[in-house]
Amino acid sequence: MTYHPKSDFMRVMIERGFLADCTDYQSLDEALVEGVVPAYIGFDATAKSLHVGSLIQIMMLRWLQKTGHQPITLMGGGTTKVGDPSFRADERPLLTPEAIDANIDGIKQVFAKYLDYGDETNRSSSSEAVGQNNKALMLNNAEWLDGLNYLDFLRDIGRHFSVNRMLSFESVKSRLDREQSLSFLEFNYMILQAYDFLELNRRYGCLLQMGGSDQWGNIVNGIDLTRRVLDHEIYGLTSPLLTTSDGKKMGKSQNGAVWLNGDMCAPYEFWQFWRNTTDADVGRFLKLYTELPIEECERLAALEGSEVNDAKIVLANEVTTLCHGAEAAAAAEATAREVFEKGGVGDDLPTLELTADEIGDGISIVQLIVRSGLAKSGKEAKRLIAENGAKMDDAPLSEAGLVLDAAALSTPIKLSAGKKRHALVKLA
RNA sequence: GGGGAGUUGGCAGAGCGGUCAAAUGCGGUGGACUGUAAAUCCACUGGGGCAACCCACCUAGGUUCGAAUCCUAGACUCCCCA
């Protein structure tokens, strides 16, 4: 990167590794110097929570606000009804409108922790707020997509799109090359997303759309459309698509996706995810996911040998603090130290509470392992036991048929799967 | 509208009447080595059940002593022609 930005925002993006590509570095940079730039990122409501894969976008919005600009979080209430086909091998199952609304409610919760939306009264404010402050805006594209009239839309918007060009986008090419079907419904997604950008520019003066590099095509479409319809020049900026250094997709743990909502991924598990970062990723992640000064990130990343573990603890603490608060981070760290350094138990371990009713005459150890989340199925639990990977209070379980009664559970027991995954079981 | 090909475990992809829960690769889990790292090596890896055992190769029927494999109908996908 030879470009030297004048704006704080661009400087941070470049320094910290957020920048994959930008449609026009210089003009965007100048706009950022001149005044408050409203910028948006869209989030589709395909699940009740976002996961760490979206954290990089959230951090971009946070930096945007920190450097004096206005973040707009756009919920895809309308677009989720269509489903983004970009770089996907198959069609997503269609979600019901109710499910989408419920997902949006879940997703919204997390943003309040990262962005300042101002007072309730300001939150839904319209154009009035724009340019006057940099309070974040929470919007939903269902607002303008739900009521669209098909023919009007085709005539006003559709005429600006060339199917030839749409087919040439990398995001759908692989799908077509693999001879997988791409429904007309999905094919329209990029038009709707482009229209979002147009509407956000028209209504809120939004100048910039950000997103992962998989969104490049969709973003560029919005820029082109806005130029044609409104003759406004607006910008796009993408972040690299993150994989860990060992080539895996960002954000998976043994229990699946690492969610940002606390009720779907406990702070302790969240903390563990970061604590287990691969050595090679520590520096990169510190810059992207924490707000520690660059020099500090680099110092920590340079630690040698087992000392990088200290850097990983800092990383876990910082990221967990942003997402769940300082208290939760401290509790997670305390539990981790207790469990891993002393081989004991900690309050923050995933805990399964059973009522006397549930136990009845006794409950099998296999069931306990499954219900505490250490195995996905009974078969898996039994396999674990057979391979000596399952432990109860640190003693290997040898008997898969073991049944525990209420008396055996009168004091909490610790179940372990391997060396790293632990859970507590106790009476409610 | 007509013709052809296909649908197999988390994914990719073999199998084409019994020895098939089903090759192989990826992914995942456990173990060894370590630093709660990476790389490497070893093992395991469809589901339910404490177990006996049961369910399972798109769906529903059928033929067979016996079907993922054959037949019929249906659903979905891809290709070619109009």
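Sequence lines set the chain letters: A, B, ... in the order given, protein chains first and strands last, and positions in each chain run from 1. When reading the values below, keep in mind they use all heavy atoms of this one structure, side chains included, and skip hydrogens, waters and symmetry mates.
- Taking atom NZ of A:K420 as the reference point, atom P of B:G35 lies 14 Å away to the nearest angstrom.
- B:A5 sits 23 Å from B:A60 when the C1' atoms are compared, rounded to a whole Å.
- With P as the reference atom, B:G28 and B:A22 are 24 Å apart, rounded to whole Å.
- Across all strands shown, B:C41 forms a Watson-Crick or G-U wobble pair, both distances under 3.5 Å, with B:G31.
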If a protein heavy atom is under 4.0 Å from the base, mark B; if only from the sugar-phosphate, S; if neither, -; do that for nucleotides 50-55 of chain B going 5' to 3'. SS----
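- With sequence neighbours excluded, the residues that form a salt bridge (charged side-chain N to carboxylate O under 4.0 Å, His left out) with A:R227 are A:D224, A:E233.
- Within the 4.0 Å cut-off from OP1 or OP2 of B:A32, at least one side-chain nitrogen or oxygen of A:K419 is found.
- A straight line from CH2 of A:W271 to P of B:U36 spans 12 Å, rounded to a whole angstrom.
- Nucleotide B:C16 is matched to nothing when pairs are restricted to Watson-Crick or G-U wobble geometry with both distances under 3.5 angstrom.
- Among pairs with a residue in residues 148-164 of chain A, none fulfils side chain to side chain donor-acceptor pair (under 3.5 Å), at least two apart in sequence or across chains.
- For B:A5, the paired nucleotide is B:U77, the pair qualifying as Watson-Crick or G-U wobble because both relevant distances are below 3.5 Å.
- Figure legend. B:G46 is base-paired to B:C55; pairs are counted as Watson-Crick or G-U wobble with both atom distances under 3.5 Å.
- At a threshold of 4.0 angstrom between heavy atoms, the contacts of A:G305 include nucleobase atoms, whether or not backbone atoms are also involved.
- Of the residues in residues 327-337 of chain A, those lying under 4.0 Å from RNA chain B by heavy-atom distance are A:A336.
- Here B:G49 presents its P atom at 12 Å from CZ of A:R371, a figure rounded to the nearest Å.
- Atom-to-atom, CG of A:L286 to P of B:A37 comes out at 18 Å; the value is rounded to the nearest Å.
- Of the P atoms belonging to B:G1 and B:G10, the separation is 36 Å, rounded to the nearest Å.
- The base-pairing partner of B:U63, taking Watson-Crick or G-U wobble contacts with both distances under 3.5 Å, does not exist among the strands shown.
- Remark: A:E327 CD is loosely packed, at most 12 non-hydrogen atoms of other residues, nucleotides or ligands lying under 6.0 Å away.
- Between B:G47 and A:S377, a contact under 4.0 Å exists linking OP1 or OP2 to a side-chain N or O.
- At a cut-off of 3.5 Å, with distance as the only test, no side-chain donor of A:T238 or A:D21 sits close to an acceptor on the other residue.
- In terms of the side chain to side chain contact (heavy atoms under 4.5 Å, CB included) criterion, residue partners of A:A266 (sequence neighbours excluded) are, by chain and number, A:E269.
- For residues 343-361 of chain A, every residue pair satisfying the side chain to side chain donor-acceptor pair (under 3.5 Å) rule, not counting sequence neighbours, is listed here: A:T355-A:E358, A:E358-A:R371.
- Residues satisfying the salt bridge (charged side-chain N to carboxylate O under 4.0 Å, His left out) test with A:D105, not counting sequence neighbours, are none.
- When the salt bridge (charged side-chain N to carboxylate O under 4.0 Å, His left out) test is applied to A:E143, the partners found at least two apart in sequence or on another chain are A:R203.
- The separation between A:E380 atom CD and B:G30 atom P is 9 Å, rounded to whole Å.
- At a cut-off of 3.5 Å, with distance as the only test, a side-chain donor of A:Y117 or A:T73 sits close to an acceptor on the other residue.
- Looking at A:N388, its side chain has no donor and acceptor atom pair within 3.5 Å of the base of B:G31.
- Comparing B:G6 with B:C16, their C1' atoms are spaced 14 Å from each other, to the whole Å.
- If you take CG on A:L32 and NZ on A:K6, they are separated by 11.0 Å, rounding to the nearest 0.5 Å.
- Taking atom P in both B:C58 and B:A12, the straight-line distance is 14 Å, to the nearest Å.
- Residue pairs that meet the side chain to side chain donor-acceptor pair (under 3.5 Å) test with at least one member in residues 378-404 of chain A, sequence neighbours left out, are A:D394-A:K414.
- A heavy atom lying under 4.0 Å from RNA chain B marks the following residues of residues 308-316 of chain A, by number: A:V308, A:N309, A:K312.
- Side chain of A:S372 to backbone of A:I369: a donor-acceptor contact under 3.5 angstrom is found.
- The distance from atom CG of A:L74 to atom CG of A:L139, rounded to the nearest 0.5 Å, is 6.5 Å.
- Under a 3.5 Å cut-off, the side chain of A:H51 and the backbone N or O of A:W259 do not form any donor-acceptor pair.
- Spacing between atom CD1 of A:I369 and atom P of B:G49 amounts to 13 Å, rounded to whole angstrom units.
- Atom OG of A:S239 and atom CE of A:M60 lie 3.5 Å apart (nearest 0.5 Å).
- Base engagement by A:R275 is indicated by at least one non-hydrogen atom pair under 4.0 Å involving a base atom.
- Atom pair A:E387:CD and B:U29:P shows a separation of 12 Å (rounding to whole Å applied).
- Against RNA chain B, the stretch residues 346-357 of chain A makes no heavy-atom approach under 4.0 Å.
- Computed from coordinates, the A:L300 CG to B:A37 C1' distance equals 16 Å when rounded to whole Å.
- Around NZ of A:K66, the count of heavy atoms belonging to other residues, nucleotides or ligands within 6.0 Å exceeds 12.
- At a cut-off of 3.5 angstrom, counting only N and O atoms as typed in the model, there is a donor on one side and an acceptor on the other between the side-chain of A:Q272 and the base of B:U36.
- B:G25: Watson-Crick or G-U partner is B:C11, with both key distances under 3.5 Å.
- Heavy-atom nearest nucleotides on RNA chain B were determined for A:R383 and for A:E304, and the one closer to the 5' end corresponds to A:E304.
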Taking only distance into account, with no hydrogens and no angle test, what donor-acceptor pairs under 3.5 Å do side-chain atoms of residues 307-316 of chain A form with protein atoms, sequence neighbours excluded?
unit_1 : atom_1 : unit_2 : atom_2 : d
A:N309 : OD1    : A:R275 : NH2    : 2.5
A:N309 : ND2    : A:S306 : O      : 3.3
A:K312 : NZ     : A:T277 : O      : 2.9
A:K312 : NZ     : A:D279 : OD1    : 2.7

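- With both ends at atom C1', the span from B:G25 to B:U8 equals 16 Å, rounded to whole Å.
- Each of A:E307 and A:V370 has a nearest nucleotide on RNA chain B; the 5'-most of these lies closest to A:E307.
- On the C1' atoms, B:U24 is 8 Å away from B:G13, given to the nearest whole Å.
- Distance check on atom C1': B:G31 versus B:G48 gives 28 Å, rounded to whole Å.
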